[in-house]
Amino acid sequence: MLRFLACAALFIAHPAFAQTRGDAELKAQMLAVHNAARAEVRVAPLTWSDTLAEGAKAHAAWMAANNKFEHARTEFGENLWAGTPGAYSYAQMAGAWVAEKRYYVDAPSPKNSSSGNWGDVGHYTQLVWSTTTQVGCATAVGRDFEYLVCRYSPPGNISGRKAY
C-alpha cells in the first residue's frame, strides 16, 4: 500500500513508474513542476536556490530522523510531503501540491478555497505565489516515510492577498 502525507491532501500513484533519483534530478523535476504550474497562471518562473535547498535538506533530515511530519519555524515559505520511500517520482510528489488547484478560487488568502478550508490550497498557493522568486528542495528517508521539503523566498500565503 502506498502512503503519503501532504498535510491533509490525498494523492495516489502507481509505483511502477521508473524513477531517477539524485540532487540534479530533484532540482530538474521540482523546477519543471513548479514552473509549469506557474506558467499556467502566467506567473514568472522560479529559480533554484542552493541556500534554500540546504535548509530544506536539514529539515527533511530532521523529520526523517525523528519520524515527524511538521513544519519548521522559518522565515521562508515551506511545503512538505511524505510518502512510501522510493514509490513516487519527485514530479509526483510536487504534483500532489499542484493538484490542490482544483479547490483554488481567485480570492485573498485565507478565503481562497472552494471547500472553505484554506489548508486545501495552501501548498498550491505557495507554489504559484506571484512574488515568490526562488525555491530549494530536498528529500530524506526515515523509518516509515520519504520526506520532501521545499522552501520558498520570499514566502507566500500572505493573509489578505491573492496568490497571483
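Qualifying ring pair (Phe, Tyr, Trp, His ring centres under 6.0 Å) partners for W62, counting only residues two or more places apart in sequence or in other chains: H59. With sequence neighbours left out, Y124 forms a ring pair (Phe, Tyr, Trp, His ring centres under 6.0 Å) with Y104. Under the side-chain hydrogen bond (donor to acceptor under 3.5 Å, both in side chains) criterion, K101 pairs with E40, sequence neighbours left out. Partners of S153 according to the side-chain hydrogen bond (donor to acceptor under 3.5 Å, both in side chains) rule, which considers only residues two or more places apart in sequence or in another chain, do not exist here. Take N157 and apply the side-chain hydrogen bond (donor to acceptor under 3.5 Å, both in side chains) test, not counting sequence neighbours, and it matches T125. T139 meets the side-chain hydrogen bond (donor to acceptor under 3.5 Å, both in side chains) test with no other residue; sequence neighbours excluded.
We find the CG-OH distance between L26 and Y90 to be 5.5 Å, quoted to the nearest 0.5 Å. Atom NE2 of H34 and atom CD of Q29 lie 12.0 Å apart (nearest 0.5 Å). One distance of note links CE of M30 with CH2 of W48; it measures 7.5 Å at 0.5 Å rounding. From K162, atom NZ reaches atom CG of N112 across 10.5 Å, with rounding to the nearest 0.5 Å. Between Y152 atom OH and S49 atom OG the span is 12.5 Å, to the nearest 0.5 Å. Summarising the geometry, atom CG belonging to L46 is positioned 5.0 Å from atom CG belonging to N35; distances are rounded to the nearest 0.5 Å.
Sorted by first and then second residue, the disulfide bond (SG atoms under 2.5 Å apart) pairs involving residues 111-164 (not counting sequence neighbours) are C137-C150. Screening residues 128-139 for salt bridge (charged side-chain N to carboxylate O under 4.0 Å, His left out), with sequence neighbours left out, gives no hits. The stretch residues 43-58 participates, sequence neighbours left out, in no salt bridge (charged side-chain N to carboxylate O under 4.0 Å, His left out) pair at all. Pairs passing the salt bridge (charged side-chain N to carboxylate O under 4.0 Å, His left out) check and including a residue from residues 64-81, sequence neighbours excluded, read E78-R151.
Under the 3.5 Å distance criterion, the side-chain polar atoms of E146 are left unmatched by any main-chain donor or acceptor of G83. Of the possible polar contacts, none joining the R161 side chain to the P108 backbone as a donor-acceptor pair under 3.5 Å is found. For the pair D120 (side chain) and S113 (backbone), a donor-acceptor distance under 3.5 Å is absent. A donor-acceptor pair under 3.5 Å is absent between the side-chain atoms of T84 and the main chain of A87, judged by distance alone.
Contact record, W97 with L80: NE1-O, 3.2 Å, taken as the closest heavy-atom pair. Closest of all the heavy-atom pairs between Y147 and A82 is CD2-CB, 3.8 Å. Between L127 and A37, the shortest heavy-atom distance links the atoms CD2-CB, 3.5 Å. Minimum heavy-atom separation, S115 to Y103: CB-CD2, 4.5 Å. Across every non-hydrogen atom of A64 and A140, the tightest pair is CB-CB, 3.9 Å. Here the closest heavy-atom approach between residue L31 and residue T47 is recorded as CD2-C, 4.2 Å.
Relative ring orientation between W81 and Y88 is described as perpendicular, the plane-to-plane angle rising above 60° on a 0-90° scale split at 30° and 60°.
Taking Ile, Leu, Val, Met, Phe, Trp and Tyr as members and joining any whose side-chain heavy atoms lie under 4.5 Å apart, directly or through other members, the hydrophobic cluster of I158 also contains W129. Grouped with V105 in a hydrophobic cluster is no other residue, since no side-chain heavy-atom contact under 4.5 Å to another Ile, Leu, Val, Met, Phe, Trp or Tyr is found.
In the hydrophobic clustering of ILVMFWY residues, with side-chain heavy atoms under 4.5 Å counting as a link, V33 and V41 come out together. In the hydrophobic clustering of this structure, M93 groups with V128; members are Ile, Leu, Val, Met, Phe, Trp, Tyr whose side-chain heavy atoms approach within less than 4.5 Å, directly or through other members. Residues V121 and V98 share a single hydrophobic cluster, defined by chaining ILVMFWY side chains whose heavy atoms lie under 4.5 Å apart.
Judged by distance alone, the side chains of D144 and N67 do bring a donor and an acceptor atom under 3.5 Å apart.
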Q: Go through the steps to decide whether F145 and F69 satisfy the test side chain to side chain contact (heavy atoms under 4.5 Å, CB included), and finish with yes or no.
A: CA-CA 9 Å; F145 295 103; F69 185 74; over 6 Å; no

